[in-house]
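Data block below; observations after.
Reckoned from all heavy atoms, side chains included, excluding hydrogens, waters and symmetry mates. All values reported here derive from a predicted model rather than from experimental measurement. Note that ligands are numbered from 1 as they come in the structure, with each ligand's atoms numbered from 1 the same way.
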Amino acid sequence: MYNITLIPGDGIGPEVTNSAKKVIEATGLKINWDIVNAGADVYTEKGVLVPDEVFKSLEKNKIALKGPITTPVGCGFRSINVALRKKYDLFSNVRPLKTISGIKTPFKDVDLVVFRENTEGLYSGIERSISNDSAEAIKVITRKASLRIVKAAFEYAVTNNKKKVTVVHKANIMKLTDGLFLDCAREVSKDYSHIELEEVIVDNMCMQLVMNPSQFQVIVTTNLYGDILSDLCAGLVGGLGVVPGANIGDNMAIFEAVHGSAPDIAGKNAANPTALILSGAMMLNYLGEKKKSDIIINAVLKTIGEGKYITKDLGGSSSTIEMTDAIVEKILA
Ligand code: ATP
């Protein structure tokens with residue numbers, strides 16, 4: 001029996017977390033779900049974005065499946081996602097992106113993983129107003145955070161028999177910050193002589209990714225570049241509806257889709273549940289339940305491959321619930 005925190009989140013979050021829960025339960029795994037919520041809906045109801053019970057549950061279980069959380073727009077609200085990643089030092093944001101047979105895209109053999117540094121960099125949102133007409137943001141890069149994310153990427157390459165790690169940077173312009181990140185990548189790579197370290201500047205990387213994405217296997221980069229590149233890569237494999245993710249630290253892991261709360265389709269039973277279901281499969285793998293994780297992945301791939309019960313974003317006409325039920329049926333069969 002596993003104790004796992006489940007955070008439904010906002011927008012399409014409750015719909016897709018419900019799908020992932022159903023699919024995981026269909027594998028027969030015994031889970032005690034500790035359901036707690038955070039985000040804009042909770043704020044409207046309780047006046048706090050993240051109630052204490054969320055922190056308590058995370059600290060107790062140390063593992064969570066989480067739907068997207070909306071941070072209200074406006075001053076005074078900092079991103080909850082960023083806050084959770086920082087508070088629990090979930091330094092590794094891991095996003096596997098793979099071509100799925102049955103999804104129409106010009107790219108046939110994308111198979112890469114983005115390792116995004118998750119705790120610092122420009123994405124931290126450290127900003128200040130200088131005057132009414134100017135503002136500035138601070139980009140912090142540290143040796144400690146850079147070394148550990150690059151090491152995570154190389155360790156993944158070793159475990160998964162990959163031959164190359166690509167570090168993405170802009171060190172030609174940001175010589176101190178990105179320069180330090182690049183130096184750390186070079187330093188770590190010395191311990192992995194059988195794996196090539198490829199260095200690519202971020203703007204060139206964007207072009208390379210849309211021209212020939214299959215040349216890349218493992219990408220490691222800073223927080224903001226990782227955010228942007230992983231959405232770009234999502235576009236190569238069928239969109240945000242199919243890309244899972246994990247935030248992993250030394251003592252805790254939170255699994256969540258790359259997509260946001262998608263307010264345009266929220267509550268319409270139209271969201272593609274694949275991304276969160278595959279995030280759930282990543283979570284089972286992390287727990288050592290590889291067989292059950294593979295069962296979920298195969299059921300998802302088969303459902304999409306058959307094309308009968310797929311959501312609108314994938315070119316189908318099924319609802320979230322119909323697609324989920326089709327996946328569950330394959331697992332039970
Ligand atoms: P955030 O800033 O919170 O990451 P975002 O503004 O980047 O969010 P998303 O909420 O991820 O955007 O949505 C971007 C687009 O992708 C929207 O049109 C949305 O409907 C679509 N989308 C996102 N997730 C899904 C999904 N699971 N199924 C179908 N469409 C989705």
Under the salt bridge (charged side-chain N to carboxylate O under 4.0 Å, His left out) test, residues paired with K151 that sit two or more places apart: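 Here no residue qualifies.
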
What side-chain donor-acceptor pairs closer than 3.5 Å can you find for residues 227-245, not counting sequence neighbours?
residue : atom : partner : partner atom : Å
S230    : OG   : R95     : NH1          : 2.5
S230    : OG   : G226    : O            : 2.6
S230    : OG   : D227    : O            : 3.3

Is a salt bridge present between [X] and [Y], judged by a nitrogen-to-oxygen distance below 4.0 Å?
X: K139; Y: D178; answer: yes
X: E15; Y: K268; answer: no
X: E256; Y: R85; answer: yes

Tabulate below the donor-acceptor pairs under 3.5 Å that side-chain atoms of residues 205-218 make, not counting sequence neighbours, or state none.
residue : atom : partner : partner atom : Å
Q208    : OE1  : Q215    : NE2          : 3.0
Q208    : NE2  : N204    : OD1          : 3.1
N212    : OD1  : S214    : OG           : 3.2
Q215    : NE2  : N212    : O            : 3.0
Q217    : OE1  : K163    : N            : 2.9
Q217    : OE1  : K164    : N            : 3.2

Check each N or O atom of ligand 1 against all protein N or O atoms and list the pairs under 3.5 Å, with atom names and distances to 0.1 Å, one per line.
residue  : atom   : partner : partner atom : Å
ligand 1 : 10 (O) : S261    : N            : 3.4
ligand 1 : 10 (O) : A262    : N            : 2.8
ligand 1 : 11 (O) : G260    : N            : 2.5
ligand 1 : 18 (O) : D264    : OD2          : 2.9
ligand 1 : 20 (O) : D264    : OD1          : 2.9
ligand 1 : 20 (O) : D264    : OD2          : 2.9
ligand 1 : 27 (N) : H259    : NE2          : 3.4
ligand 1 : 27 (N) : N272    : O            : 3.0
ligand 1 : 28 (N) : N272    : N            : 2.9

